[in-house]
A.B. asks: 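Pasting a structure below so you can have a look.
Sequence lines set the chain letters: A, B, ... in the order given, protein chains first and strands last, and positions in each chain run from 1.
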Number of protein chains: 2
Amino acid sequence: MGERNPMSMAERADGAVELHAHQGQTVGVGLNAVVVAFDDAGPRVLLANSGEEGMPALPSGPLEAEHRTLEAGVRSWVERQTGQPLGFVEQLYTFGDKSRPGTRRFVSIAYLALVRGAADERPAAGWADLYAHFPYEDWRDGAPGSIALLREDLQDWAEDAGSGTKRGRLARIASAFGEDGQRWNEERVLERYELLYEAGLVAEAGRDRGCAVRARADTGVPLALDHRRMLATAIGRLRAKIKYRPVLFELMPDEFTLFDLQRIAEALSGVRLHKPNFRRLMESQGLIEETGRLSTQTGGRPAKLFRYRPEITMERPGETA
Amino acid sequence: MGERNPMSMAERADGAVELHAHQGQTVGVGLNAVVVAFDDAGPRVLLANSGEEGMPALPSGPLEAEHRTLEAGVRSWVERQTGQPLGFVEQLYTFGDKSRPGTRRFVSIAYLALVRGAADERPAAGWADLYAHFPYEDWRDGAPGSIALLREDLQDWAEDAGSGTKRGRLARIASAFGEDGQRWNEERVLERYELLYEAGLVAEAGRDRGCAVRARADTGVPLALDHRRMLATAIGRLRAKIKYRPVLFELMPDEFTLFDLQRIAEALSGVRLHKPNFRRLMESQGLIEETGRLSTQTGGRPAKLFRYRPEITMERPGETA
DNA sequence: GTACTTATGCTCATATCTAGCATAAGCCGG
DNA sequence: CCGGCTTATGCTAGATATGAGCATAAGTAC
């Protein structure tokens, strides 16, 4: 229980904590970052080394006195741990449930960050394939192979319950995985992950409850603590946000083709888009302009290069959720 | 920086109430609630008494050991301070900037809550008129009287700056207040409040900086600390959310007419809606059903009474942002 | 030059949103 | 009982956005 166990504040709490708890508790505040980028291999997430059971973890650290703002604290920790400076940063969610009775409470404030380029430019940092942690979220080449098995596993879990619970579970499964009639809603990433967790189909569930995982389907590479839940929250938020805010450009280089843009939109949302429509949408919004140059890297007809016009957007960073 | 261990949150708990990080940081975690309801007089927000300069404050209190979850902590504090039990609760944002050098850091987790009925049923609690704090946000009867003067005040503030800053300020004003061409976007509540704060046009700005407020326009009743900012965040989120989630029903009685529903939607969003279109939208979504009864309270033709069908929605509470 | 690849532009059908108008069905004062 | 008032309810035309397919342009590889 020593230094090796990274976020084990909970276990280290001394008795004084509980004794005086009625006064308002001893609370540790942690900052976590889901840093997303994109390279030739696809969407990536930045991971730091961790101790806990060897599972990789998000970059994170405690809130410190020098941090003028929470956001500054996140930037500082990520850069210290991975060398990666952050561009766009936005608060995601604050997690603070009491983990186990008798353990010390820990509040974790999770952030989403987007950076340009990943392994290409900064191979030192620990970039991982985003979809390695959520294989069932990638529908770019049609329904993932694991999805049928996954549904069966979930079905079994629903069957195990009493009729009341069972109906509720079936409804939630249908809503999250788009079963009857409804179609796949790519934004419900967290809903899906939570179902899998409750159903005991992800490794974290087995770890936290000390029982074996009975999943036959591939439910992805686990992360330390509740970091995969944070990642799910981040992906869901990002998938929703790219539809109404120009966040995509935070991932793009200075110059790009419309198809580059589309590839990234598809990679993040996990679904294929109709090319002419995507192009029309982008051009109609007035957020980009031609640079006048062409890209000959296409393999076919050269594509016009565009640049983002940040003047258009004057969103204030941070809490504009 | 003795500890290089990236995730060394393992700091000793040393005081009864707060954590001393080795950098000397102590953190208190507070919970705040923006509780919104609706009565005959319009939209209301629940306020608790406060000490600070006599300004009213949101119900709030420190996170305690008994609170199993953050949300449970919020419910507990609101009920303790105002007697009001909460229904729908959703996390809003976590504020944690260092207020003044030398002061202890405080992290505040703000929640949005919706309850049915306000002064009607529970006159003891401190319900205040929501738009008393944001008079310029109520466009139900056309542009508020203060808006022209407000724009002039903001204009003056922009003029005061150097040309670079000035352009930025003008752009932000135009974006937030919908000046040239753009029309009023009712969701940008926080953006507007922050502009007014920066421009020194709200009482909190004068209070925090110790200088006089030069506003000629009515910029609303101030709240303690940064509570009006939280309220602005809540209103913005709520205005956005009623468009794509059935949150409106959290404010409604069991039975209501379509026009009742519309009045509340208008009260929250601060703009008038087209009656036939609102009605069509509500009826097409399948979220409500007729009870078979009629309301004769209309003053004209009696209106059909409806009830909400919660079976339809199986949103998980909490983090489904 | 021919085959292949990707970019780009256009059109049509379908949903959704906006706005105005017409009718229904209660109340009220005579 | 009647006309005038109020509010509820229903319909429809036009504008705008979305979804999907097809035709053409302009490079590369052989």
A.B. asks: In whole Å, I'd like the distance from the NZ atom of B:Lys275 to the C1' atom of C:dT18.
C.D. replies: 17 Å
A.B. asks: Check the distance between C:dT16's P and B:Gln285's CD and give it to me in whole angstrom.
C.D. replies: 11 Å
A.B. asks: Between side-chain atoms of residues 249-256 of chain B and protein atoms elsewhere (two or more places apart, or another chain), which donor-acceptor pairs fall under 3.5 Å?
C.D. replies:
unit_1: B:Glu255; atom_1: OE2; unit_2: B:Thr291; atom_2: OG1; d: 3.0
unit_1: B:Glu255; atom_1: OE2; unit_2: B:Arg293; atom_2: NE; d: 3.2
unit_1: B:Glu255; atom_1: OE2; unit_2: B:Arg293; atom_2: NH2; d: 2.8

A.B. asks: May I have the distance from B:Leu273 (atom CG) to C:dC17 (atom P), rounded to whole angstrom?
C.D. replies: 13 Å
A.B. asks: I'd like to check the salt bridge (charged side-chain N to carboxylate O under 4.0 Å, His left out) partners of A:Arg239; sequence neighbours left out, ordered by chain and number.
C.D. replies: A:Glu137
A.B. asks: If you compare all heavy atoms of B:Leu170 against all heavy atoms of B:Gln155, which two are closest, and at what distance to 0.1 Å?
C.D. replies: CD2-NE2, 3.5 Å
A.B. asks: Take the protein atom CE of B:Met282 and the nucleotide atom P of D:dT9, then report the distance between them rounded to whole Å.
C.D. replies: 14 Å
A.B. asks: Could you check how far CD of A:Gln262 sits from P of C:dA7, rounded to whole Å?
C.D. replies: 9 Å
A.B. asks: For B:Thr257, which residues count as a side chain to side chain contact (heavy atoms under 4.5 Å, CB included) partner, sequence neighbours excluded?
C.D. replies: B:Phe259, B:Asp260, B:Ser295, B:Ala303, B:Leu305
A.B. asks: Do any of residues 253-261 of chain B sit with a heavy atom less than 4.0 Å from DNA chain C, and if so which?
C.D. replies: none
A.B. asks: Report the distance from atom CZ of A:Phe278 to atom C1' of C:dC10, rounded to the nearest whole Å.
C.D. replies: 19 Å
A.B. asks: In chain order, what residues pass the side chain to side chain contact (heavy atoms under 4.5 Å, CB included) check against B:Ala148, with sequence neighbours excluded?
C.D. replies: none
A.B. asks: Which letters describe nucleotides 15-27 of chain D, given B = protein heavy atom under 4.0 Å from base, S = only from sugar-phosphate, - = neither?
C.D. replies: ---BBBB---BBB
A.B. asks: Reckon A:Lys304 touches a base, only the sugar-phosphate, or nothing at all at heavy-atom distances under 4.0 Å?
C.D. replies: sugar-phosphate
A.B. asks: CZ of A:Arg293 versus C1' of C:dA7: gap in Å, rounded?
C.D. replies: 19 Å
A.B. asks: Between B:Glu191 and B:Arg172, is there a side-chain heavy-atom distance shorter than 4.5 Å?
C.D. replies: no
A.B. asks: Got a sec, which residues hit side-chain hydrogen bond (donor to acceptor under 3.5 Å, both in side chains) with B:Arg301, two or more places apart in sequence or on another chain?
C.D. replies: none
A.B. asks: Does B:Pro135 have any side chain to side chain contact (heavy atoms under 4.5 Å, CB included) partners at least two apart in sequence or in another chain, and if so, which?
C.D. replies: B:Asp218
A.B. asks: Residues two or more places apart in sequence or in another chain: which of them pass salt bridge (charged side-chain N to carboxylate O under 4.0 Å, His left out) with A:Arg272?
C.D. replies: A:Asp141, A:Glu266
